[in-house]
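Contents: one structure, followed by commentary.
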Amino acid sequence: MAEKSLFAVLLRSPWWVSFLVVGVIALGAGALLPREYAYVGAVGTLPIFVVGCIAAWRQLRAPSPAKVEEMLGAVNSMPWRQFADALEAAWVRDGCTVEKPKAGPVDLRVVAKGGQATLVSAKRWKAATHGIEPVRELHAAMQAEGASSGIYVMTQGQLSDNARLFARDNGITVLQGPGVASLLLAKA
């Protein structure tokens, strides 16, 4: 789904926004369309209603902001091995297989149920600034292994604009603070 499509925007918005859009369209259909077509116009909002239900379900299951902050505090005080084990446990809970490469810029290799491998670089999770070099190293490892996707994990600091653009253009997802906390708090 395109990042800027109506459905993608509604999925990222609070659940009630979708239902508000449904109401506005249904009212507009009733007011502007001939009586025999008003019902069809209102029924046309069904996909948006479904997106609202999906958004509501996701938001209901999402951890509260207080839990996210608490988890971020815990993550930022963890030693590397404990953090890597927590990430591994979260992906295993999600049904993935996780392997730990022996060396290099890749810290974890996550294999989804369908067999698609994703390489994860997470050692610099507490760095104050994240430049382009570790992202380039992850991309080089992805190319060497033939992986189509990668994840760069960070809980603190900022990713440089060059690194963010490079990641976007090369199939690397940047998993930042709240996203990391949500992953670790997610229930299977």
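Rounding to the nearest 0.5 Å places CG of Leu108 at 11.5 Å from SG of Cys96. Here the CG atom belonging to Leu185 is positioned 9.0 Å from the CG atom belonging to Leu72, to the nearest 0.5 angstrom. One distance of note links CG of Leu184 with CE of Met78; it measures 6.5 Å at 0.5 Å rounding. The line from CZ of Arg164 to CD of Gln158 is 7.5 Å long, rounded to the nearest 0.5 Å. Summarising the geometry, atom CG belonging to Leu11 is positioned 8.0 Å from atom OG belonging to Ser5; distances are rounded to the nearest 0.5 Å. Once rounded to the nearest 0.5 Å, the distance linking OG1 of Thr155 with CG of Asn76 reads 4.0 Å.
A heavy-atom distance below 4.5 Å is not found between the side chains of Met71 and Val68. No side-chain heavy atom of Pro105 sits under 4.5 Å from any side-chain heavy atom of Leu138. Side-chain atoms of Glu145 and Val106, non-hydrogen and from C-beta on, never get closer than 4.5 Å to each other. Taking the side chain as every heavy atom from C-beta outward, Tyr152 and Val120 never approach each other to under 4.5 Å. With contacts defined as side-chain heavy-atom distances shorter than 4.5 Å, the pair Asp107/Lys100 does not qualify. At a threshold of 4.5 Å between non-hydrogen side-chain atoms, the residues Leu159 and Val135 count as touching.
Note on Ile25 and Ile54: same hydrophobic cluster, where clusters join Ile, Leu, Val, Met, Phe, Trp and Tyr whose side-chain heavy atoms are under 4.5 Å apart, directly or indirectly. Leu20 is connected to Val22 through a chain of hydrophobic side-chain contacts under 4.5 Å among Ile, Leu, Val, Met, Phe, Trp and Tyr, so both are in one cluster. Each of Trp16 and Leu27 belongs to its own hydrophobic cluster when Ile, Leu, Val, Met, Phe, Trp and Tyr are linked at side-chain heavy-atom distances under 4.5 angstrom. Note on Val153: it clusters hydrophobically with Val92, by side-chain heavy-atom contacts below 4.5 Å among ILVMFWY residues. Criterion: ILVMFWY side-chain heavy atoms under 4.5 Å apart, direct or through other members. Under it, Phe49 and Val43 are not part of a common hydrophobic cluster.
Of all heavy-atom pairs spanning Leu175 and Val180, the tightest one is O-CG2, 3.5 Å. Considering all non-hydrogen atoms of both residues, Ala147 and Leu119 come closest at CB-CG, 3.9 Å. Across all their heavy atoms, Ser18 and Leu10 have their closest contact at OG-CB, 3.6 Å. In terms of heavy atoms, Pro101 sits closest to Arg109 at CD-N, 4.1 Å. Shown here for Ala117 and Ser149, the closest heavy-atom pair between the two residues is O-OG, 3.9 Å. Here the shortest heavy-atom pairing between Ala38 and Gly30 reads CB-CA, 3.9 Å.
A salt bridge is defined here as a Lys NZ or Arg NE, NH1 or NH2 lying under 4.0 Å from an Asp or Glu carboxylate O, and Glu70 with Lys67 fails to meet this definition.
Taking a 6.0 Å sphere around CG of Asp169, one finds it holds more than 12 heavy atoms contributed by other residues, nucleotides or ligands. A 6.0 Å sphere centred on CZ of Phe166 holds more than 12 heavy atoms belonging to other residues, nucleotides or ligands. Other residues, nucleotides and ligands place no more than 12 heavy atoms under 6.0 Å from the CZ atom of Arg35.
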> So Phe7 and Ile48, side-chain contact (heavy atoms from CB on, under 4.5 Å) or not? Walk me through it.
Replying inline: CA-CA 7 Å; Phe7 294 137; Ile48 297 171; 4.0 Å; yes
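Taking Ile, Leu, Val, Met, Phe, Trp and Tyr as hydrophobic and joining them when side-chain heavy atoms fall under 4.5 Å apart, one finds Val40 isolated, its cluster having no other members.
Panel note: side chain Ser160, backbone Ala163; a donor-acceptor pair is recorded below 3.5 Å. Gln82 contributes no side-chain N or O that, together with a main-chain N or O of Ser77, makes up a donor-acceptor pair within less than 3.5 Å. Side-chain atoms of His139 do not come within 3.5 Å of backbone N or O of Gly171 as any donor-acceptor pair.
Screening residues 59-91 for ring-ring contact (aromatic ring centres under 6.0 Å, His included) gives Trp80-Trp125, Phe83-Trp125 as the qualifying pairs, with residues at least two apart or on separate chains.
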